[in-house]
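A short write-up of the structure that comes next.
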Amino acid sequence: MSVMVALLFYVAASLSIENDASDLFNNLARNTQKNIESRVKSYANLLRGTASLFHANEHVNREQFHRYVANIALQQNYPGVMNLNYSQELDGTQRTAFETAMQRDYPPGQDGYPPFAIDPPAPRSRYSVLMYIEPIASAPEKLGYDIASRPLIAEALAQSRDSGQISNSGVPVPMEGRPQLTGMAMRLPVYRYGMPTGTVEQRRAAYQGSVGIGYDLVTMMRSALADMPVRNVRLTLFDIGPQARAPPWTCRTTCAPSSTARRRACMRHGGCPATQGAT
């Protein structure tokens, strides 16, 4: 009888510990999701504020863009954000004149910017060329890069143009000479000053380019989780958008969707291979 009583107490204690651990895990998952969601929303608001600069002015030059970004103090106020940038939409007939004007108006070395040239150099029917990058020291090799030269990015830009909503790169952005960085991007369309944007047709006619942020995903996640009471938590991130791939394993998961990007926050345990984290 005493053995049976001891066994019952053991089972009850084990269940209590398991329930307490489960409650702790679920609370951590919810708090993690809120922190990540807050960080993503702050990035989205940064994009909207930058787009407003272009919406309120018929023309924004490089010096104006530089002053605007300098006053934001990115590193202090937006951990993980490496730069703010603007890309200009062009068609094939506009390329030569645009490239010539950029080289004339902004000689090499001015404001720390390198020489301007559209890259990749092969002719295309449409371009979305990175025209301003601040601070330029964060990615000088990206000046003149046609972000629409990557088919998946071109598709995301077109969808964002038509909807007026933020797009996410969904895949890491290559960072030359910095393989340790997990570079990601978010973009918001910019429409020409004073033109209507009430319908898809009007937005397509008014579209002039997009503003974007380049951010280091690892730094962003670390800042979002800085106040987590549990240390040594391992994180796994994966997309739930059109390019998403199902994970090759199954484990216990607590998730919450993000309203501003095609991602969700999850914490995993029990059956996950050496991984517990926020997704």
Side-chain angles (χ1 to χ4, degrees), residues 32-33 35-51 69 72 74-75 77-87 128-130 132-143 145-161 163 165-190 209-226 234-245 247 255-266 275 277-279:
T32 297
Q33 187 272 329
N35 288 342
I36 296 172
E37 180 78 4
S38 176
R39 187 68 65 201
V40 173
K41 282 184 177 179
S42 74
Y43 286 5
N45 289 335
L46 175 61
L47 276 180
R48 293 187 180 98
T50 306
V69 177
I72 290 174
L74 289 178
Q75 288 189 340
N77 297 318
Y78 298 92
V81 175
M82 296 181 289
N83 60 64
L84 269 168
N85 56 74
Y86 170 72
S87 68
S128 187
V129 179
L130 287 173
Y132 305 145
I133 303 171
E134 291 293 340
I136 184 59
S138 66
E141 73 282 358
K142 295 295 185 182
L143 181 68
Y145 179 65
D146 175 19
I147 58 177
S149 64
R150 301 174 69 188
L152 291 176
I153 302 302
E155 181 181 352
L157 288 171
Q159 292 174 353
S160 180
R161 173 202 64 200
S163 67
Q165 301 300 311
I166 289 173
S167 66
N168 195 305
S169 63
V171 293
V173 177
M175 301 297 292
E176 186 174 314
R178 288 168 285 178
Q180 76 280 9
L181 292 181
T182 307
M184 302 291 285
M186 293 171 62
R187 307 202 68 82
L188 184 67
V190 171
S210 62
V211 292
I213 60 170
Y215 63 97
D216 178 19
L217 193 58
V218 173
T219 302
M220 186 270 276
M221 294 298 295
R222 284 175 178 165
S223 68
L225 303 177
R234 303 191 61 176
L235 310 176
T236 300
L237 300 179
F238 50 103
D239 206 320
I240 61 171
Q243 303 167 37
R245 296 179 181 178
C255 296
S258 166
S259 61
T260 53
R262 296 194 307 265
R263 301 190 175 276
R264 60 179 178 177
C266 305
T275 301
T279 305

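Along the sequence shown, the residues carry numbers beginning at 1. Owing to the predicted nature of the structure, the values given are computational and were not obtained by experimental measurement.
Contact annotation: the side chain of M186 approaches that of Y215 to within less than 4.5 Å [non-hydrogen atoms, C-beta and beyond]. The shortest side-chain heavy-atom distance between Y132 and L84 does not fall under the 4.5 Å cut-off. A heavy-atom distance below 4.5 Å is found between the side chains of L74 and L46.
Rounded to the nearest 0.5 Å, atoms OG (S38) and CD1 (I36) are 10.5 Å apart. Put simply, CZ on R48 and NZ on K41 are 9.5 Å apart, with the number rounded to the nearest 0.5 Å. The distance from the CE atom of M82 to the CD atom of E134 is 15.0 Å, given to the nearest 0.5 Å. A distance of 13.0 Å separates CD1 in I166 from OH in Y43, rounded to the nearest 0.5 Å.
Residues P79 and T219 come closest through the heavy atom pair C-CG2, 4.5 Å. Summarising the geometry of N83 relative to A139, their closest heavy-atom pair is ND2-CB, 4.1 Å, with the distance given to 0.1 Å.
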Going through the checks in order, is the side chain to side chain contact (heavy atoms under 4.5 Å, CB included) test met by Y86 and T50? CA-CA 9 Å; Y86 170 72; T50 306; over 6 Å; no
For side chain to side chain contact (heavy atoms under 4.5 Å, CB included), just list the numbers for M184 and N168, CA-CA rounded to whole Å, side-chain angles, deciding distance to a tenth of an Å, and then say yes or no. CA-CA 8 Å; M184 302 291 285; N168 195 305; 4.0 Å; yes
Apply side chain to side chain contact (heavy atoms under 4.5 Å, CB included) to Y145 and V129, showing your working. CA-CA 5 Å; Y145 179 65; V129 179; over 6 Å; no
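Distance alone, capped at 3.5 Å, is enough to place a donor-acceptor pair between the S163 side chain and the Q159 backbone. Counting only distance, with no hydrogens or angles, the side chain of D146 and the backbone of S128 share a donor-acceptor pair below 3.5 Å.
Considering only residues two or more places apart in sequence or on other chains, R187 meets the side-chain contact (heavy atoms from CB on, under 4.5 Å) condition with N85, S87, L130, I147, L157, S167, S210. For A51, the side-chain contact (heavy atoms from CB on, under 4.5 Å) criterion is met by H55, L188, V190, V211, not counting sequence neighbours. By the side-chain contact (heavy atoms from CB on, under 4.5 Å) test, Q75 pairs with no residue at all, sequence neighbours left out.
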